[in-house]
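All chains are named by letter (A, B, ...) in the order of the sequence lines, taking the proteins before the strands, and each is independently numbered beginning at 1.
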Amino acid sequence: MNKKPLIELINVTKSYDGEKVVDNLNLTIYENEFVTLLGPSGCGKTTTLRMIGGFVQPDDGQIIINGKIFNDLPPYARPIHTVFQRYALFPHLNVLENVAFGLRNRNQEYLTNFFGQQEIDRLYKEANPTHEKKNARALHKVIQKMIDKAAADALALVKLTGFENRKIDQISGGQQQRVALARAIVNKPQILLLDEPLAALDLKLRQNMQYELKEMQTKLGITFIFVTHDQEEAMTMSDRIVVMRSGLIQQLGTPKSIYNEPVNRYVANFIGETNIFPGTYVKKDLVNFLGVDFKSQGYNFENNEAVDVVIRPEDFDVVDLEKAKLVGKVTFSLFKGVHNELDVDINGVKVMVNTYETYEVGQSIGLSVDPYEIHMMKVENNG
Amino acid sequence: MGKTFKVLAIPYQIWLYILVFVPLIAMVLIAVSNYDSSVPLNQINISLNHWSILVQRQNMIAFRNSVVFAVLTTLISFVLGYFAAYHIFQSKFKNKFIILTIVILPMWSNLILRVDALNNIFSQNNIISSIIGFSPFGNITGKPIAILIGLVFTYLPFMILPVYTALEKIDYALQEAALDLGLTPFKKFWKVIFPLSIKGVVTGSIMVFLPTLAGFAIPKILGKGNFLFIGNVIENKLLSSTIFYNHGSLLAVVILVFILGSILLLTRFDKEGETLL
C-alpha cells in the first residue's frame with residue numbers, strides 16, 4: 001500500500017435526539033481519491049460529510065486529517081472546502097467576488113504561504129522596480145492582483161471566463177454550480193466536499209458535469225468526497241463507493257466490485273436493478289436456484305446452506321430452448337434504445353432480463369447464466 | 001376573479017384620491033398663498049411673504065431640534081435594534097414569533113398613554129417612587145434625555161422588525177459557506193450577514209426617522225415645552241387664535257421634502273421594496 005491516508009474516521013458516532021445518524025463509522029480516504037458516499041436520504045451520508053467539513057461535531061470517535069485529530073477544529077481552520085447542495089453563493093457579490101471571497105478574507109500570513117514568498121517578491125519587484133524597501137500598500141496591491149488572477153484562473157477552469165461581473169441571479173443554475181466549484185477550488189483545498197452538487201441540474205447537464213468533475217479531480221489532484229443518492233452518478237465518477245444505510249457502512253469498494261459483488265440485498269437493490277433468488281449452496285461450485293442446479297465459481301459456504309443468489313439482468317444469456325437451463329415466458333418487453341428490458345416468468349417467478357434481441361410478449365425463451373456471473377450472498381434475516 | 005378584486009379595490013382608490021392626494025395638493029397650494037383664518041375665501045391670493053418664517057430663529061431651532069433628535073433616535077435605534085434583531089435571529093428559541101409579538105406589544109396601547117406613563121416615571125414623584133421610595137430615573141422629565149428615551153422607546157420596534165425580517169431571509173448555507181471559505185465568525189458577520197441585512201437597516205432607519213422628524217406629541221409631553229420641534233410649531237400655527245394655514249402648510253411641505261428624499265434613498269437600496277413590511 002503506497003497510498004497515503006488523508007482522512008481517517010475512527011469509530012465516529014453522531015446522534016440527533018437520541019437517534020444514531022452515524023453509527024461507529026470507520027473509513028479511510030486516501031490522497032487523490034474520488035470517494036462517493038452513497039445512500040438514500042437519512043442514511044447519514046450528509047452528516048458524515050458535515051463532520052469532515054467541521055459543521056457538525058461528532059459525539060464520539062475521531063476525525064484524523066493528515067495525521068492530526070480535527071474533531072474540534074472550526075471549519076475555517078481546515079484544509080477543506082465544500083460545494084454546497086444549493087451552492088450558497090453570496091447574492092451581494094458578483095461572480096468574480098464570489099470566487100475571490102475566500103482568499104480576499106485571509107490574512108497576510110496565510111496569503112504569503114498560499115502564493116509563496118518568492119512569487120510575491122518576484123511580482124512585487126516587477127510592479128515596483130524602484131522600491132528599496134517593501135511598502136505595505138504596494139504589497140497589498142500585488143497580493144490583491146494575485147488573488148484576482150487566481151480567481152480568474154479558477155473561472156477559466158470551470159469555463160466561465162467572461163462572466164466575472166455578472167450578478168449571481170443573472171446566471172443559470174448550471175453556471176451557479178460552476179461558480180460554487182470555482183469558489184472552492186481557487187483555495188486549493190486538499191479535500192473538496194461535494195454535497196449532492198448536481199441534484200438541481202437537469203439530466204443532460206448533470207451527465208456533462210459528472211465527466212467534468214472527474215476530469216477536474218484527476219487534473220487538480222484534490223481528494224473529492226462526493227455525497228449522492230444517485231447510484232449512476234456514483235458509478236460514473238468514483239474510485240471508491242461507500243454504500244451507507246442508517247448510519248452504517250454497508251459496503252466499501254470500487255464501483256465494479258460493488259456492482260458485481262454486492263454484500264447484501266440492500267446494496268444489490270440499491271445499486272441498479274437486479275434479480276435476487278433464494279437458493280441453496282449445494283456443494284463447492286454448485287448452486288441450486290429456481291429449481292435448477294448451476295455451476296458457480298469462487299464462493300465458500302457450508303454445503304446445503306441457504307444463500308441469496310444475485311444475477312444482474314444483463315448477465316442472463318438468451319439461448320435456444322433445448323440448450324436452456326431455464327425456460328420462461330416473456331410477460332413484458334420494453335425497448336430502451338440500446339437494449340430491450342424483458343420480464344420473464346419462470347414457474348411463477350419474475351426474472352428481469354436485458355437483451356439486445358427483440359422478443360414478443362408471450363414468447364417462450366431459454367436462459368442460461370455463466371458460472372462467473374452468479375453471485376451469492378449470505379441470507380440476511382432483516383432482508 | 002380579477003374583476004372582483006378590481007371592484008373591491010375601488011373604496012381604497014377613492015380614499016386615496018379624496019383623503020390623501022387632494023389634501024396633499026391643497027397643502028402645497030396653501031403653502032404658496034396668503035390663506036389664514038382672518039382672510040376671507042374670496043381674497044385668497046398667491047403670496048410668498050410668509051416664507052420668511054423659514055428663516056425665523058425660533059423655527060430654525062425647531063428644525064434643528066427635530067433633525068438632531070431624529071438622527072440621534074435613528075442611530076440609537078439602529079444600534080439597539082440591530083443587536084436585538086440579531087439576537088432573536090441567532091437564538092435557538094423555537095417560537096420566535098412570540099418574541100416579535102412581545103416587541104410590538106407596547107404598540108397595542110395608545111401612544112399618548114404610553115408617553116404619559118413615561119413622563120410620570122421620569123418625574124420626581126411617581127408610582128414607582130411611592131412603592132420603592134425613590135425615583136429610578138431621578139427627575140429627568142423636561143430634559144433632552146427624556147425626549148430621546150421616549151422617542152427610542154416608541155420607535156425601536158420599527159427598527160427591530162425590518163432588520164429581523166432581512167436577517168431571517170439570509171440563507172443559513174451562506175453562513176456555512178463563509179466559515180467554509182476560511183472566515184472567522186467575526187468576519188463572517190461583517191462580510192456576509194451585515195451586507196445582506198443592510199436593506200432592513202435602511203428600511204428600519206426610515207421608519208424611525210420619519211415619524212420622529214414630524215412628530216410633536218412626544219417632545220411636547222416629555223419636553224415639558226422646553227424644546228420646540230417643528231411638529232410643535234405646526235401645531236401652534238393651527239391652534240392659535242388666528243389659524244395660520246399657510247404657515248403650517250409651508251412647514252409641512254418642508255417635512256414632505258425630507259420624506260421624499262428619504263424614500264428616494266430607500267429605493268436606491270431596496271429596488272423591490274421587499275423589506276418594507
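With sequence neighbours excluded, no residue forms a ring-ring contact (aromatic ring centres under 6.0 Å, His included) with B:Tyr172.
Residues of residues 82-93 of chain A lying under 4.5 angstrom from chain B, judged on non-hydrogen atoms, are A:Thr82, A:Phe84, A:Arg86, A:Ala88, A:Leu89, A:Phe90, A:Pro91, A:His92 by number.
Within 6.0 Å of the CD atom in B:Gln13, the count of heavy atoms belonging to other residues, nucleotides or ligands exceeds 12. When the shell of 6.0 Å around NZ of B:Lys191 is examined, it contains 12 or fewer heavy atoms from other residues, nucleotides or ligands. Annotation for B:Lys96: atom NZ counts as buried by contact number, over 12 foreign heavy atoms lying within 6.0 Å.
In this structure, the side chain of A:Arg50 does not engage the main chain of A:Val56 through any donor-acceptor pair within 3.5 Å. Remark: side-chain polar atoms of A:Arg206 are paired, donor with acceptor, to backbone N or O of A:Leu201 under 3.5 angstrom.
For A:Leu193, no part lies near chain B; criterion is any non-hydrogen pair under 4.5 Å. Heavy atoms closer than 4.5 Å to chain A are found in the side chain of B:Asp171, but not in its backbone. With a threshold of 4.5 angstrom between heavy atoms, A:Asn105 approaches chain B through its backbone and through its side chain. With a threshold of 4.5 angstrom between heavy atoms, B:Lys187 approaches chain A through side-chain atoms but not through N, CA, C or O.
Considering A:Thr223, A:Asn32, A:Asn66 in turn, A:Asn66 is the only one that fulfils the side chain to side chain donor-acceptor pair (under 3.5 Å) rule with A:Gln190.
Note that the CD1 atom of A:Ile7 and the CD1 atom of A:Ile191 stand 3.5 Å from one another [nearest 0.5 Å].
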